[in-house]
Amino acid sequence: MSLNGLLTALAKDPAFERIRVSAERGPDAEDEKEIAAPDGLRPPLVAQIAQALPQPAGGAGGARAVTVVVTPTGRAAGDLVDALGSYLPEGAVEEFPAWETLPHERLSPKSDTVGRRLNVLRRLHVRDEALKVVVMPV
């Protein structure tokens, strides 16, 4: 279900508008911000930032803007990916799953985890135009 109407309603809020305008200007080291928001506001806020980030002119010439969101747990990452599906088109959001093993363990992660991670890295490498957000747990 699409919740894009909520983005329209939130656009009238001055704080939400300031964040959108800052995202439209593009990344700037002097303009880094830490944004705190309640759980329910995070998905529309991330979607708004991802949609507002400028894309390079001419397509393949410059680096594409992809929003990276770091979550405290894998479950929080999965929940955010699911919620972002209501605001962004299909294929715009990917979860970069946790490695599942500690460096000193003599275990390898599951093959599906390795495959999912490689898929995200491939999409970033080929500059997939549809990819807007990558969500990853710490």
Checking side chain to side chain contact (heavy atoms under 4.5 Å, CB included) for the pair Leu6/Tyr87: CA distance, chi angles, key distance, verdict?
CA-CA 9 Å; Leu6 183 59; Tyr87 298 98; 3.3 Å; yes
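- Within the 4.5 Å cutoff, side-chain heavy atoms of Phe96 are placed close to those of Leu121.
- One finds the NZ atom of Lys110 at 9.0 Å from the CZ atom of Arg116 (value rounded to the nearest 0.5 Å).
- The CG atom of Leu88 lies 5.0 Å from the CD atom of Gln51; values are rounded to the nearest 0.5 Å.
- Looking only at side-chain heavy atoms (C-beta outward), Val66 and Val133 stay at 4.5 Å or farther from each other.
- Shortest non-hydrogen contact noted between Ala98 and Thr113 is O-CG2, 3.3 Å.
- Shortest non-hydrogen contact noted between Thr67 and Ala50 is OG1-CA, 3.5 Å.
- Between Ala47 and Leu84 the shortest heavy-atom distance is N-CD2, 4.0 Å.
- Counting all heavy atoms, side chain and backbone alike, Pro44 lies closest to Gly40 at CD-O, 3.6 Å.
- Between Met136 and Val68 there is a side-chain heavy-atom pair separated by less than 4.5 Å.
- Between Val69 and Leu80, some side-chain heavy-atom pair lies under the 4.5 Å cut-off.
- No donor-acceptor pair under 3.5 Å is formed between the side chain of Arg20 and the backbone N or O of Ala52.
- The shortest side-chain heavy-atom distance between Trp99 and Val114 falls under the 4.5 Å cut-off.
- Put simply, the side chain of Arg117 gets close to the backbone of Pro97: a donor and an acceptor are under 3.5 Å apart.
- Residues Val126 and Leu118 do not share a hydrophobic cluster, clusters being chains of Ile/Leu/Val/Met/Phe/Trp/Tyr side chains in contact below 4.5 Å.
- Of all the heavy atoms in Val120 and Glu95, the pair that sits closest is CG2-O, 3.6 Å.
- Residues Arg122 and Asn119 have side chains that bring a donor and an acceptor to within less than 3.5 angstrom of each other.
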One pair to check against side chain to side chain contact (heavy atoms under 4.5 Å, CB included): Leu10 and Leu41. What are the steps and the verdict?
CA-CA 10 Å; Leu10 286 170; Leu41 188 58; 3.8 Å; yes
CA sep, side-chain torsions, deciding dist, call: Phe16, Leu45, side chain to side chain contact (heavy atoms under 4.5 Å, CB included):
CA-CA 8 Å; Phe16 202 78; Leu45 188 59; 3.6 Å; yes
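- Residues Val70 and Pro137 approach most closely at CG1-C, 4.5 Å, considering heavy atoms.
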